Amino acid sequence: MNADIHALTGAYALNAIPEFERAEFERHLVECESCAQEVRELQATATRLGEAASEAPPPELKARVLARIAEVRQLPPVDDLGARRERRSGVPLATKLFGAAAAVFMVISVSLGVLLVRNGNELDQSRDQAAAMSNLLSARDARVVSGTAAGGLSGTVLLSRDRGQVMLLAGNVPAAPEGKTYQVWLMGEGAPKSIGLMVPDASGQASLLNTGGVGNAENIGVTVEPSGGSVAPSPDVVMQMALPA
C-alpha cells in the first residue's frame with residue numbers, strides 16, 4: 001500500500017477489492033476517519049441507486065442466466081505471485097480499482113434502469129443519468145455526500161470541483177404545490193447561484209446535473225419558488241447540504 005490507499009474507498013464500498021488488499025485497507029479505515037466517512041457515503045449512494053430503480057426481474061430471467069453460466073469460461077484464481085506481477089506492471093493498483101469502481105457504478109445504474117418498465121423517453125433519461133454519474137465519479141477529486149432533510153427528503157450529492165460539476169439526486173420529493181417549482185442553488189460567499197429547476201417523477205425521485213462551475217460554493221440548497229423560478233432563493237428551503245471542500 002502507498003499514498004494511493006485513500007483512492008480505494010470507492011472500490012471497497014462496492015466490494016471490488018481483492019482479499020489480499022481488503023484486510024490492510026480495513027486496518028487503514030480504523031485510523032482514517034475521512035476514508036471511513038467516504039466509504040459510508042458511497043455505500044449509502046449505491047443502496048439508494050438500487051432502491052430508486054428496483055424492479056422485480058421477469059420470471060424467465062433466472063433460467064436464462066443459469067443456462068448462460070454453463071457456457072461461460074471460468075477465470076483462474078489470483079495467487080500472490082499474480083498479485084505481485086500486477087504490482088510490477090507500472091500502474092498503481094489503487095488507480096485500477098478506483099476506475100473499476102466507477103465502472104461498477106455505471107453497470108449498476110444502467111442495468112437497474114434497463115429493468116424498469118418505462119417508456120422510451122424515460123429509459124433514455126435513465127441511461128443519460130447513469131452515464132453522467134459514471135463520468136463524474138471518474139474524476140480524481142470526486143466526492144459523495146448524503147443526508148436527509150427534516151421533512152423526509154433524502155439527497156445525495158456527487159461533486160468534482162476540478163471539473164466544475166455537481167449532481168444532486170433527491171428522493172421522497174413530493175410534487176411541488178400548484179403554481180410552484182423546486183429550484184436548486186449553490187450557496188456560499190456572495191449571492192446564491194441558481195443551477196436549475198428540479199421536477200420529481202411519480203415516485204418522488206429527482207435529479208439535476210450542473211456543469212457550469214462550482215466555484216467556492218459551500219452548500220447546495222433546494223427551495224420552493226414560483227413556477228419558472230426566481231432570481232434569488234425564497235426562505236422556503238426544503239433541503240440544504242454542505243459540499244465537501
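Keep in mind that the numbers below use all heavy atoms, side chains included, and drop hydrogens, waters and symmetry copies. Since this is a predicted model, take the numbers as computed values, not measurements.
- Residues L168 and L243 share a single hydrophobic cluster, defined by chaining ILVMFWY side chains whose heavy atoms lie under 4.5 Å apart.
- Closest approach of M241 to G155, counting heavy atoms only: CE-O, 3.7 Å.
- At least one side-chain heavy atom of M187 sits less than 4.5 Å from a side-chain heavy atom of Q240.
- Put simply, the side chain of P244 reaches to within 4.5 Å of the side chain of V145, judged on heavy atoms.
- The distance from atom OG of S207 to atom CE of M198, rounded to the nearest 0.5 Å, is 9.0 Å.
- Both L8 and L29 belong to a single network of hydrophobic side chains, linked directly or stepwise wherever heavy atoms of I, L, V, M, F, W or Y lie under 4.5 Å apart.
- For the residue pair V214 and L186, the shortest heavy atom distance occurs at CA-CD1, 4.1 Å.
- The two residues A217 and R161 have their closest heavy-atom pair at O-NH2, 2.8 Å.
- N210 contributes a side-chain N or O that, together with a main-chain N or O of G213, makes up a donor-acceptor pair within less than 3.5 Å.
- Side-chain contact between L136 and L159 is absent, with no heavy-atom pair separated by less than 4.5 Å.
- Linking ILVMFWY residues whenever their side-chain heavy atoms come closer than 4.5 Å, directly or via other members, places I195 and V173 in the same cluster.
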Problem set entry | Derivation and outcome, side chain to side chain donor-acceptor pair (under 3.5 Å), residues S146 and E41 | CA-CA 6 Å; S146 299; E41 292 168 349; over 6 Å; no

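- Connection of L158 to V166 is not established within any shared hydrophobic cluster, with ILVMFWY side chains joined at heavy-atom distances below 4.5 Å, either directly or through further cluster members.
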Taking distance alone, no hydrogens or angles, what donor-acceptor pairs closer than 3.5 Å link side-chain atoms of residues 225-239 to residues at least two apart or in another chain?
unit_1: E225; atom_1: OE1; unit_2: S230; atom_2: OG; d: 2.7
unit_1: E225; atom_1: OE2; unit_2: T223; atom_2: OG1; d: 2.6
unit_1: E225; atom_1: OE2; unit_2: S234; atom_2: N; d: 2.7
unit_1: E225; atom_1: OE2; unit_2: S234; atom_2: OG; d: 3.3
unit_1: S234; atom_1: OG; unit_2: V224; atom_2: O; d: 3.0
unit_1: S234; atom_1: OG; unit_2: D236; atom_2: N; d: 3.2

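- Minimum interatomic distance between Q183 and S194 (heavy atoms only, all atoms of both residues): NE2-OG, 2.8 Å.
- The line from SG of C32 to CD of E38 is 9.0 Å long, rounded to the nearest 0.5 Å.
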Exercise. Which is it for M167 and S160 under the side-chain contact (heavy atoms from CB on, under 4.5 Å) test, yes or no, and what are the steps along the way?
Worked result: CA-CA 9 Å; M167 187 175 195; S160 169; over 6 Å; no

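- In this structure, the side chains of V184 and L197 stay at 4.5 Å or more apart for every pair of heavy atoms.
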Problem set entry | Check against side chain to side chain donor-acceptor pair (under 3.5 Å), S203 and D201 | CA-CA 5 Å; S203 64; D201 61 20; 2.8 Å; yes

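- Side-chain contact check for P174 versus L153: some heavy-atom pair is nearer than 4.5 Å.
- The minimum heavy-atom distance linking A206 with P200 is given by the pair CB-CA, 3.7 Å.
- No more than 12 heavy atoms of other residues, nucleotides or ligands sit less than 6.0 Å from atom CD of E189.
- The side-chain heavy atoms of T9 and F25, taken from C-beta on, include a pair separated by under 4.5 Å.
- The shortest side-chain heavy-atom distance between H28 and C35 falls under the 4.5 Å cut-off.
- For R27, the salt bridge (Lys or Arg N to Asp or Glu O under 4.0 Å) criterion is met by no residue, not counting sequence neighbours.
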For this session: List the steps and the verdict of side-chain contact (heavy atoms from CB on, under 4.5 Å) for Y12 and R22.
Result: CA-CA 8 Å; Y12 179 84; R22 175 176 293 276; 3.2 Å; yes

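- Contacts of T211 classified as side chain to side chain contact (heavy atoms under 4.5 Å, CB included), with partners at least two apart in sequence or in another chain: Q165, L209.
- In the hydrophobic clustering of this structure, L208 groups with I220; members are Ile, Leu, Val, Met, Phe, Trp, Tyr whose side-chain heavy atoms approach within less than 4.5 Å, directly or through other members.
- In this structure, V157 and R143 have side chains that are not in contact, with every pair of non-hydrogen atoms separated by 4.5 Å or more.
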